[in-house]
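Comments concern the structure below.
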There are 2 protein chains.
Amino acid sequence: MAAAQTSPIPEPRIPLSKERVLKTAVVLADQGGIETLTMRKLAQELGVEAMSLYHYVAKKDDILDGIVELVVREINETVSNLNLSPGLDDWKRAMRARILAARQVLLTHRWAPDVLETRTSGSLEVMEYVDGLLRIFKEGGFSYDAAHHAMHALGSRAFGFAQELFEPDGEDDSERDPTAGLEDMADRFPHIVEMLAQISHNDPDSTLGWCDDQTEFEFGLDLILDGLDRLRGAR
Amino acid sequence: MAAAQTSPIPEPRIPLSKERVLKTAVVLADQGGIETLTMRKLAQELGVEAMSLYHYVAKKDDILDGIVELVVREINETVSNLNLSPGLDDWKRAMRARILAARQVLLTHRWAPDVLETRTSGSLEVMEYVDGLLRIFKEGGFSYDAAHHAMHALGSRAFGFAQELFEPDGEDDSERDPTAGLEDMADRFPHIVEMLAQISHNDPDSTLGWCDDQTEFEFGLDLILDGLDRLRGAR
DNA sequence: ACCTGAACACCGTTCAAGT
DNA sequence: ACCTGAACACCGTTCAAGT
């Protein structure tokens, strides 16, 4: 028993490393959201004191950079398996497939869009992803100048997400009538009330629970891609 | 002198009010960015202790809600002066003018887009703005169903801003060569390097310093509006 | 080289107390 | 009714110290 104290069950003391820190951070953010990712909680999850983390990272911002990098790497690995060789005429299909694949990855890391938006610097993984998009544009017949405008037009949609104006309700839809309390507002917001009355936001599969749903995302994406395709032809 | 102590120079003790708190918060955010807006700093600016604020506001989040509301009200006042009566055929011009006017207001409150995105609830001012957009769509010949899709496609662009993938450099452009250090990356990111080489990001008026510049914003906006106009015709 | 404990300078917020 | 002081429960981070 005393011996057990000095050479006990190995106590799987995996050494800390930047990679282990970052991967744990991703798991934590996936589980509890990015706001629950604190240096103290992260350290605790790793069985260590908060200050130990500063041996692998200079500041918390480095961790945010790092976890975004991990996610974008995951995106890059995913899209590299798509094996698309875009010809002149199906650049749109290739672009669409790439962006929707990126979106699927982001849907497993719901904090990622918000954090990605706060990272000003283009990391290596981000550059690699963008380079792949540019390749599709170029092989699709776009000039680099046109491709540049196109990237701006896509904005965050290039990564598979779009900022919505309203959140997707959050609470149980079952409990809430979308038109509740709007009768009294009918004179102030007649068009909103009328729109809600007509469509009632009732697509049965509109419960992705993220900031936009798949159908609307694809609608906006196709609108932009079609527009770009038309510009390409005009040149 | 002793009298001056008991009934001194009026000491313009403007009473606190929710409106004064919010307006001061906007000024503070305009000056130092949203991250410098703390309850303690805001109270200090008002010549009061931090805890006094909780008589006008239940939590800091209410302040964020409130200052967004003030900004969107400013937008609504601005666009209501546009005096557009969109006909069937220039709905696009009306929409464009409205959105670009909103953008001008947001450019004076650079923190606003980020905060706006975090507000999940559609406030009254936001609803009023959206209702105005829906009116333009409707009078332009869109069904409410089409207008609903259109709003999703616009996303944050409806308010005049778009999330960019990279920040606009930040530092002095004069000190930085956009192609610096990219020669060694030419094999890893050939398309990015080539694109930068060709366009060098050198539009002389691309220094708006916000998350996107005016030309690119309008390009993306027109792309979407043109696409929507085409859909409208197809219906 | 790697990890820690105590401390600092901040947060938002609660609570009981002052006028 | 309005404002305050002290305190609490958190942050990220510095620093000197342990092994």
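The chains referred to below are lettered A, B, ... by the order of the sequence lines, with proteins before strands, and numbering in each begins at 1. Excluded from the calculations below are hydrogen atoms, water molecules and symmetry mates; all remaining heavy atoms, backbone and side chain alike, are included.
For C:dT14, the OP1/OP2 oxygens have no side-chain nitrogen or oxygen of B:Tyr54 closer than 4.0 Å. OP1 or OP2 of C:dC3 has at least one side-chain nitrogen or oxygen of A:Tyr56 nearer than 4.0 Å. A close approach under 4.0 Å does occur between a side-chain nitrogen or oxygen of A:Lys41 and OP1 or OP2 of D:dC11.
The interatomic distance linking A:His55 (NE2) with D:dT19 (C1') rounds to 12 Å, in whole Å. Across the protein-nucleic acid pair, B:Met39 atom CE and D:dC8 atom P stand 21 Å apart, rounded to whole Å. Rounded to whole Å, the distance from CD on A:Gln44 to C1' on C:dT4 is 16 Å. Rounding to whole angstrom units, CG of residue B:Leu64 and P of C:dG12 are separated by 10 Å. With rounding to whole Å, A:Leu53 atom CG is found 14 Å from C:dC2 atom P. What separates CG of B:Asp61 from P of C:dG12 is a distance of 11 Å, to the nearest Å. Distance, A:Lys60 NZ to D:dC11 P: 9 Å, rounded to whole Å. Whole-Å rounding puts the A:Glu49 CD to D:dT13 C1' distance at 15 Å.
A:Ser123 and A:Glu69 are linked by a side-chain donor-acceptor pair at a separation below 3.5 angstrom, with hydrogens and angles left out of the test. Defined by atom type and a distance below 3.5 Å, a donor-acceptor pair is present between the side-chain atoms of B:Asn76 and B:Glu125.
Residue whose closest nucleotide on DNA chain C sits further toward the 5' end, between A:Ser52 and A:Arg40: A:Ser52.
Between B:Asp65 and B:Lys60, none of the side-chain N atoms (NZ, or NE/NH1/NH2) sits under 4.0 Å from a carboxylate O, so this pair counts as no salt bridge. We find that A:Glu19 and A:Lys23 are joined by a salt bridge, their nearest charged nitrogen and carboxylate oxygen being less than 4.0 Å apart.
Counting only heavy atoms from C-beta outward, the side chains of A:Val79 and A:Ile99 never approach each other to under 4.5 Å.
Partner assigned to C:dG12 is D:dC8, using Watson-Crick or G-U wobble distances below 3.5 angstrom.
Looking at the side chain of B:Thr38, the nearest of the listed nucleotides C:dC11, D:dC11, D:dC2 is C:dC11. With D:dC11, C:dG5, D:dC3 as the choices, the nucleotide that has an atom nearest any side-chain atom of A:Met51 turns out to be C:dG5.
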